[in-house]
Visitor: 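Take this structure first; my questions come after.
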Number of protein chains: 2
Amino acid sequence: MTKPKPPQDFAELEARITEEYASLSRRLQQTARFLLDHPQEVAFATVAKLAERAGVTPSTLIRFANSFDFKGFSEMQQLFRSRLVDELPNYAERIRAVRTATGETPDSTQLLWEFAEANREVLESLPGRIDPRDLERALDIFERAEIVHVMGARRSFVVASYFTYALHHIDKRAFLVNGLGGMHGEQMKSVGKRDAVLVISFSPYAQESREIAAEAKERGVPLIVITDSNLSPLARLADVSLVVHEAEVKSFRGLTASLCLTQTLAIALGVRQDKARDAAGKDDTSVSGQV
Amino acid sequence: MTKPKPPQDFAELEARITEEYASLSRRLQQTARFLLDHPQEVAFATVAKLAERAGVTPSTLIRFANSFDFKGFSEMQQLFRSRLVDELPNYAERIRAVRTATGETPDSTQLLWEFAEANREVLESLPGRIDPRDLERALDIFERAEIVHVMGARRSFVVASYFTYALHHIDKRAFLVNGLGGMHGEQMKSVGKRDAVLVISFSPYAQESREIAAEAKERGVPLIVITDSNLSPLARLADVSLVVHEAEVKSFRGLTASLCLTQTLAIALGVRQDKARDAAGKDDTSVSGQV
DNA sequence: GGCACATTGGAACAAAAATTCTATATATAC
DNA sequence: GTATATATAGAATTTTTGTTCCAATGTGCC
């Protein structure tokens with residue numbers, strides 16, 4: 001009779017879980033993911049609560065612990081706890097050190113803190129700065145549009161790309177005006193009267209974006225703009241303009257606010273569509289697919 | 001009958017204990033000293049064990065808690081625990097309560113608030129969850145690489161796209177493995193031994209991303225991975241894996257944390273390059289260009 | 001398609017822990 | 001010095017929590 005030993009510290013446990021992960025049953029894999037992704041919760045909560053959070057039954061947690069040679073769940077939990085007491089002094093000190101350190105040599109972790117904090121501030125003020133009526137009007141336009149064409153150059157391309165992706169996931173027809181082969185103008189030719197255009201553009205406003213916006217305006221296609229100022233040259237062309245303020249650290253501007261707004265637009269649109277479809281008695285292509 | 005409230009966080013509790021210390025009975029003073037001197041033990045141990053360590057009886061601990069308006073000892077213990085985890089459970093719960101209360105018909109503005117808040121929470125915990133050593137190791141690899149190849153499919157494409165963009169702006173050679181024309185594999189062929197690969201992939205991990213990662217590993221090209229769990233199939237292949245937790249609202253996952261991390265990587269790399277160039281006596285292509 | 005094996009959920013059980021209660025001790029005021 | 005009020009210890013109680021066990025379900029193999 002062999003007598004396997006349980007892991008002695010958290011690092012060892014983590015290693016073993018990772019190693020044996022592939023050979024675990026489905027439920028046990030699910031358990032493993034939860035445990036490693038939420039170690040702090042595991043340290044404190046009870047079996048019942050953890051089981052609920054992880055979407056498994058208490059017995060599964062016990063079995064999991066047993067399969068790693070622990071006598072019971074509690075024994076395994078000790079490792080999660082000791083990890084906290086071992087690491088925490090460092091952790092708290094690190095935060096304090098990083099936060100109070102006034103510039104000096106901004107190492108990477110310091111930068112990370114700064115960015116996270118800057119973006120947090122931006123997100124705090126974002127929802128209050130967006131006029132609910134603008135949001136609704138934008139959604140009205142999107143909802144009516146047969147196809148939504150999305151355009152963003154340079155930095156804004158990321159946002160445009162994400163919005164297009166999200167629209168596909170709520171079953172809204174959408175095209176990304178990506179300028180492949182320098183064909184921005186050509187791509188615009190396939191924009192129909194009953195479509196809508198979203199242009200995302202920040203200072204300095206890329207020429208291509210202005211042109212696309214101008215053409216949409218000219219041809220009478222509904223135009224929505226996400227930009228960084230009401231004085232933006234794009235704003236005056238738009239039927240609805242949504243103004244966001246992005247964080248700036250070391251002259252690098254973020255995208256957090258734009259993406260957050262974009263996400264909201266997509267999902268709000270998805271919710272509307274679901275409602276419309278329900279009302280029409282048709283069945284549901286739900287918004288709830290994983291994205 | 002007045003209804004006194006217990007302290008809401010550890011700092012408040014500490015303040016009250018200090019303040020009222022003089023007016024406590026002898027045993028309660030002894031208890032107070034022990035609690036404040038060994039907060040970590042208090043977080044984990046049971047009443048019986050703590051009583052023994054403090055040299056008092058279990059009931060004394062209960063009475064102590066009661067005298068500070070807690071319903072019982074366990075309630076007070078929560079404060080010692082939340083202190084360890086830095087994240088305030090009250091806070092998260094409060095928001096969740098608000099969400100469910102106003103739930104019903106989530107109009108667009110409500111959604112915007114929810115997203116902003118969810119992303120804020122994520123950003124709060126992001127910097128603490130990233131191991132500074134991993135960050136530095138990733139930067140080492142990027143710095144040494146002649147060219148950085150960046151790959152992300154579906155949702156992660158947005159992040160990959162942004163990182164590539166940012167690298168260009170700090171004058172780091174970079175290619176986006178974009179799979180145009182279904183040529184992921186072909187694009188990988190131009191990856192050289194002295195380059196580096198960054199793959200961004202979240203559950204469910206896209207097949208293309210796995211393949212790219214596997215190939216990098218096989219060919220001995222340094223591989224960095226941004227993913228959502230240590231158990232991700234990508235993580236085991238990577239030289240450095242950076243794990244981020246993204247917000248999730250209505251089954252839509254955000255990208256805020258990934259982008260924030262990506263931004264940090266790019267700029268930290270830019271700072272390093274500037275330093276290296278200064279050290280080499282050459283002149284500066286500064287990181288400070290608008291991005 | 002049916003059998004054997006492994007996995008899982010849930011109820012029943014046992015252990016442990018928090019809390020309450022009461023008799024006793026201690027301090028304080030008169 | 002006694003009476004009253006308050007504080008304390010330890011046992012009793014109740015609640016919570018971890019664990020075990022068995023039936024049911026799913027899975028792979030012949």
Side-chain angles (χ1 to χ4, degrees), chain A residues 2 4 6-7 13 16-17 20-35 38-82 84, chain B residues 2 4 6-7 13 16-17 20-35 38-82 89 93 231:
Chain A
T2 57
L13 172 62
R16 270 198 64 185
I17 293 179
E20 298 176 26
Y21 177 74
S23 65
L24 294 174
S25 73
R26 199 182 278 130
R27 270 285 184 276
L28 256 36
Q29 286 188 354
Q30 177 184 351
T31 309
R33 282 196 301 273
F34 177 82
L35 293 179
H38 308 276
Q40 297 158 8
E41 288 181 52
V42 179
F44 294 119
T46 68
V47 176
K49 278 178 190 148
L50 289 174
E52 192 192 337
R53 292 271 292 120
V56 301
T57 57
S59 20
T60 306
L61 284 178
I62 312 283
R63 268 195 298 271
F64 183 90
N66 288 334
S67 79
F68 284 92
D69 308 318
F70 293 103
K71 220 183 125 194
F73 177 80
S74 308
E75 196 177 306
M76 184 175 78
Q77 195 179 36
Q78 288 307 319
L79 263 46
F80 283 81
R81 293 184 168 180
S82 65
L84 270 189
Chain B
T2 57
L13 172 63
R16 269 197 65 184
I17 293 180
E20 298 175 25
Y21 179 77
S23 65
L24 294 174
S25 73
R26 197 177 286 137
R27 270 286 187 273
L28 257 34
Q29 286 187 354
Q30 177 185 349
T31 309
R33 282 195 302 274
F34 177 80
L35 293 181
H38 309 276
Q40 295 161 25
E41 286 182 56
V42 179
F44 294 117
T46 67
V47 175
K49 278 176 189 147
L50 288 174
E52 193 192 338
R53 293 271 292 116
V56 301
T57 60
S59 25
T60 307
L61 285 177
I62 312 282
R63 269 181 290 111
F64 182 90
N66 287 334
S67 77
F68 283 93
D69 308 317
F70 292 103
K71 218 183 129 196
F73 177 79
S74 305
E75 194 178 306
M76 184 175 77
Q77 197 180 32
Q78 287 307 320
L79 263 46
F80 284 80
R81 292 184 168 178
S82 66
E93 274 165 26
L231 295 176

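The structure displayed is predicted, hence computed values, not measured ones. In what follows, every chain begins at residue 1, and chains take the letters A, B, ... in the order their sequences are listed.
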Visitor: Round to the nearest Å and state the distance from I62(A) atom CD1 to dG9(C) atom C1'.
Guide: 13 Å
Visitor: May I have the distance from R27(A) (atom CZ) to dA24(D) (atom C1'), rounded to whole angstrom?
Guide: 14 Å
Visitor: dA9(D) phosphate, OP1 or OP2: any side-chain N/O from T60(B) under 4.0 angstrom?
Guide: yes
Visitor: Rounded off to whole Å, could you give me the CD-to-C1' distance for the Q30(B) and dA7(D) pair?
Guide: 13 Å
Visitor: For a quick test of reading the model: is some side-chain N or O of S74(B) closer than 4.0 Å to OP1 or OP2 of dT19(C)?
Guide: yes
Visitor: Could you state the CG-C1' distance from N66(B) to dT19(C), rounded to the nearest angstrom?
Guide: 9 Å
Visitor: For L61(A) and dT8(C), what is the distance between atoms CG and P respectively, to the nearest whole Å?
Guide: 12 Å
Visitor: Output the rounded distance in Å from CZ (F70(B)) to C1' (dT19(C)).
Guide: 16 Å
Visitor: Heavy atoms under 4.0 Å, any strand shown: does T46(B) hit a base, just sugar-phosphate, or nothing?
Guide: sugar-phosphate
Visitor: Whether the side chain of Q77(A) engages the backbone of T46(A) through a donor-acceptor N/O pair (distance < 3.5 Å, no angle test) should be reported.
Guide: no
Visitor: Is the distance from OP1 or OP2 of dT27(D) to the nearest side-chain N or O of R26(A) less than 4.0 Å?
Guide: yes
Visitor: Are the side chains of F64(A) and I17(A) in contact, using a 4.5 Å heavy-atom criterion?
Guide: yes
Visitor: Please determine whether a side-chain nitrogen or oxygen atom of S25(B) lies at a distance below 4.0 Å from atom OP1 or OP2 of dT8(D).
Guide: yes
Visitor: For Q77(A) and for R63(A), find the nucleotide of DNA chain D with the closest heavy atom, then tell me which residue's nucleotide is more 5'.
Guide: Q77(A)
Visitor: Compare the minimum distances between each of dG9(C), dG18(D), dT20(C) and the side chain of S59(A), then state the nucleotide with the smallest one.
Guide: dG9(C)
Visitor: From the options dT8(C), dG18(D), dA9(D), select the nucleotide whose nearest atom is closest to the side chain of V47(A).
Guide: dG18(D)
Visitor: Quickly work out the K49(A) NZ to dT17(D) P distance and round it to whole Å.
Guide: 6 Å
Visitor: Could you check how far CZ of F73(A) sits from C1' of dT20(D), rounded to whole Å?
Guide: 16 Å
